[in-house]
Amino acid sequence: MRPGLQAYIFLCILLLCFIPIQAIHAQGSKKTIDSLSHLVQTSKSDTDHIRLTFQLGRVLTFSNDIHGGILYLLESLKWAYNKKFFDYTSNAMIILANAYMTLERYDTAFTLLESARKFAVQYKNEDNVANVNGNYSYLYNMLGDTRKALEYGFQAIDGFEKSSNPNTNMLSVYSWIEIGKIFENEKQYDKAFYYYNKSLDKAKTDTNTFYVLPGLLNIGRLYALQNQPVQSKYYYKQVLEKSSFANGDATYIMWALLGLGDVDILNKNYNDAINHSKEALKVANEKSLNVNVDNCLCSIGRAFLLNAQYDSAEKYLKNALGAATKSEGWNTINDSYKLLSELAEKQNNYKEALYFNRLHENMSDSIYNKSKVTAINNLEMLYQNNKNEKEIIRLQANNIKKELQLVKRNELLWFIVVISATLFIVFFIHLRNTNNKRMINRQAQLIQQQKINFLEQDQKVIVLKSMLAGQDRERTRIAKDLHDGLSGLFSTIKMHLSTLQYENENLRHNELFKKSFGLIDMAAEDLRRIAHNMMPEVLQKLGLVQALKDFCNSVNAKDSLEITMQTYGMEERLDTQTEIMLYRIVQELINNIIKHANATEAIVQFNRTEEQIDITVEDNGCGFDAEKEQDSRHAGLGIIKERVNYLNGIMSIDSRADIGTTIMITFHPGNTQQHG
Amino acid sequence: MVNLIIIDDHPLVIDGIRTMLKDADWIKITGAFKTGNSAIEFIAKQKTDIILLDLNLPDIDGLQLCSTIHHQNRHIKIIGLTSINEGGIISQFLQRGGSGYLLKNMERDELLKAINVVLDGSIYLSKEANEKILQQFHNVEDAAGAVPTLTRREKEILHLLNEGFNGPSIAEKLILSPYTIETHRRNLMQKFNVHNTQSLLHTASTMKVI
């Protein structure tokens, strides 16, 4: 339960990071709030008023005074709209949507985001469009629509990456986390790890250290989830090292400390766990992270319980229960019930154990049902929403006009109108589509599943591709190391020995010396052969065609196979990665022919036209059944297929018994570089 | 007295060569360089007769450096001294003005012999390099303008085209996709260096392929 809970709450916090980097860094500071309130009251110009109310609303939202924040944001929204500051209009809507999401008012958040997107698109504010996409990604993930969440997540990243505003540009750090989170929820930890690292990579491009914090924290947790305390601890420690309490990284510090507590528990160091959780509590109290106090209390209670200090455990767990009830932290309440039940059992108080366990079970059921029902309702709403997009956009446009007029008079009324308008639309559509609903829903789910499968397949291909590319890079590196290092050493030894022999006549007749002399030669030759197989020098220096000519020449000289090589239109070199891939493909095909085909002649042919390259490798050997056989020739083909896949190419095998085999590979050289 | 410089980024190798040449009093090692650029600077200022050149340098590609030096000072003899033994590289090196090619596992006598041979204006290739060059005479590539070698499919399709079938009907006959047939047809035209089916058939029959 705990890691899941952490994930959930951490998501909320992450989401809040989407726009306001600066705001986080002003988070919770009473001084900031006071001075802003003062400025709002004394502001003279419209611009100042809008800007300041917006800032104040934003800061309040992040200081856990969400309702207060909403009031100021609405005020700011009203002014911005009236004075036609449309950038602020969409900004305010996005932050408002954030606030409503924290309150789990997904429907309102959805409406606001839709409007924010419209304003952003209309006034060409690409940064805000990306921001809306980021928020959509989060929203859809909350509603269990993984596919949409991924889609919007990637769109957001695209948008952020294009942004010239350095702050917005860095926001992709958080979107990568979001995508990692989606995979983590699906228990696909290696993918989650991959995307968290993406976030880290991006973070490292900026001088501000706080960007790396979410990546480090999530990787830390991921390791803990997989029972790898050593790695987990390393990452949590990194969070503490890279964060600054004074600059508002308190939330990260707190979660890292709680994480270290979890690591301690994995290591069974319960005393350390107590201390770490207590430090976390101190941070939460000091920075008034009210929403998180119950988590800390619960963690301390759990550590005490594991350490068999039952009195202290009871005290903290009951405090946690109290704090969680106040802040409506249902998951913490549930955890506390469970832990209290375990505690009572340890103290042989079976009646109380049973009582808390029952509470725990009821709570689990209701949380489960609650989330399930909300998710289903919301999914349905979103589905219908898409279907009737045009109508809804029209209605919403009217709504926004009306809403904004109402805002002038009464913020509360405005709020109610939005909700009821949305509810009305949903109810109306719901009523109209009752009959089709179940069927459509099932179809939608099916389609969604298919698309997830497709995405997974795509993911697999990407992983394979990077693996292949990595393998080749590594080989190039090793070959270079061998050439630069060992090879030089051997040569030098040989040179010294040769000089020694020249200076000292007797050595020429010394058997042991002669033997050593020969052995050095053999070692150097072996080394050269290994380095050559790893990565032929000619491939790097002179390119694919010359390298393949060399290869075929050496085959013709050694083996009974006679290869004819023909190249057309291959005068220009291809990019290095593609050349290496093609070299390996042809080399492997020829090796297959030598090993299995029993052929006397072969043709290697390259045809390059403007848009594509065709490679034909043909032999006059015994042929094989490309469909059925599971022979060793197919094992060789497997790796070739992977390489062809890497090039986004197509391979066709045309094999006839006792006539021979023709393998043809076609690809578009422009298409291969996205992962190279 | 012959002025010789060594270009190799491996300090031990430089050391080894110095040791080998220390008793040859007619050779003066005037410099040893770890990068191509520092050597180019040196050559511009000081008289140099012979260069022992490693092909893998940190700054300039060895083949590139060979042509640069050769174009600037045609009288300088360049001997490739490397651990690469690949036919393509060796012939490129010679084409770019190199006079000799030695592998780093050579003995003292061979090094001195190579220096003498290239100073006399001949080419010196080590035994291994010679073998690789010989392999190249066994060339895998057709000479330009010769009759191209056709693959089985190409022969088949060429004959069917000659019998008057068009792309789609050939595809049907051979149970292949029209796209594949089109690819083969395009490759055939490229191989015979023509631009339409008509001249493809004409050229092929002139060459007695059909």
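A note on names: the letters A, B, ... follow the listed sequences, proteins ahead of strands, and every chain is numbered from 1.
- Using a 4.5 Å cut-off between heavy atoms, L103(B) touches chain A through its side chain atoms alone.
- For a residue to count as touching a neighbouring chain, one of its non-hydrogen atoms must lie under 4.5 Å from one of that chain's; by this rule L63(B) touches chain A with the side chain only.
- A heavy-atom distance below 4.5 Å is found between the side chains of Y101(B) and I84(B).
- Neither side chain, T183(B) nor T180(B), offers a donor N or O lying under 3.5 Å from an acceptor on the other.
- Qualifying salt bridge (charged side-chain N to carboxylate O under 4.0 Å, His left out) partners for K494(A), counting only residues two or more places apart in sequence or in other chains: D521(A).
- Side chain to side chain, N73(B) and T48(B) fail the donor-acceptor criterion of an N or O pair below 3.5 Å.
- A donor atom on one side chain and an acceptor atom on the other are found under 3.5 Å apart for R96(B) and Q92(B).
- Using modelled atom types and a 3.5 Å distance limit, the side chains of T30(B) and N3(B) yield no donor-acceptor pair.
- Residues that satisfy the side chain to side chain contact (heavy atoms under 4.5 Å, CB included) test with V117(B), not counting sequence neighbours, are K113(B), S122(B), Y124(B).
- Using a 4.5 Å cut-off between heavy atoms, L500(A) does not touch chain B at all.
- Both the backbone and the side chain of K191(B) come within less than 4.5 Å of a heavy atom in chain A.
- Contact of D8(B) with chain A is not made at all, since no heavy-atom distance falls under 4.5 Å.
- Under 3.5 Å, the side chains of Q587(A) and N591(A) contain no donor-acceptor pair of N or O atoms.
- Highest contact tally toward chain B, considering only A524(A), G569(A), S554(A), is held by S554(A) [criterion: heavy-atom pairs under 4.5 Å].
- Between chain B and the residues I603(A), T662(A), L542(A), the most heavy-atom pairs under 4.5 angstrom are made by L542(A).
- If you measure heavy-atom distances from S652(A) to chain B, you find no contacts under 4.5 Å at all.
- Residue L150(B) touches chain A through its backbone alone, counting heavy-atom pairs closer than 4.5 Å.
- Residue contact with chain B, scored on non-hydrogen atoms closer than 4.5 Å, involves the backbone and the side chain of E537(A) alike.
- With 3.5 Å as the limit, one finds a donor-acceptor pair spanning the side chains of Q190(B) and N607(A).
- Here the side chains of I615(A) and L582(A) are in contact, with some heavy-atom distance below 4.5 Å.
- Ranked by non-hydrogen atom pairs under 4.5 Å with chain B, the options E525(A), K541(A), H496(A) are led by K541(A).
- Only the side chain of F517(A) comes within contact range of chain B, with at least one heavy atom under 4.5 Å from a heavy atom of that chain.
- Residues of residues 527-536 of chain A having a heavy atom under 4.5 Å from any heavy atom of chain B, listed by number: R528(A), H532(A), P536(A).
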Q | Worked check of side chain to side chain contact (heavy atoms under 4.5 Å, CB included) between T578(A) and L647(A) | A | CA-CA 7 Å; T578(A) 312; L647(A) 299 170; 3.7 Å; yes

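- Heavy-atom pairs under 4.5 Å with chain A peak, among R152(B), E128(B), H10(B), at R152(B).
- Ring geometry, F33(B) versus F42(B): the interplanar angle falls from 30° to 60°, so the pair is classed tilted.
- In this structure, the portion of E503(A) lying under 4.5 Å from any heavy atom of chain B is its side chain and not its backbone.
- Neither the backbone nor the side chain of L497(A) comes within less than 4.5 Å of any heavy atom in chain B.
- Residue contact with chain A, scored on non-hydrogen atoms closer than 4.5 Å, is absent for E131(B).
- You'll find the side chain of M664(A) stays beyond 4.5 Å of the side chain of D654(A), heavy atoms only.
- Both the backbone and the side chain of E86(B) come within contact range of chain A, each with at least one heavy atom under 4.5 Å from a heavy atom of that chain.
- Counting only heavy atoms from C-beta outward, the side chains of I5(B) and L52(B) never approach each other to under 4.5 Å.
- By the 4.5 Å heavy-atom criterion applied to side chains, L65(B) and I40(B) are counted as neighbours.
- Interface residue S487(A): only side-chain heavy atoms are found under 4.5 Å from chain B.
- Proximity to chain B (any heavy atom under 4.5 Å) is restricted, for Q605(A), to the side chain, taken from C-beta onward.
- Partners of E474(A) under the side-chain hydrogen bond (donor to acceptor under 3.5 Å, both in side chains) rule, at least two apart in sequence or in another chain, are R477(A).
- For the set N85(B), D15(B), D23(B), the entry with the most heavy-atom pairs within less than 4.5 Å of chain A is D23(B).
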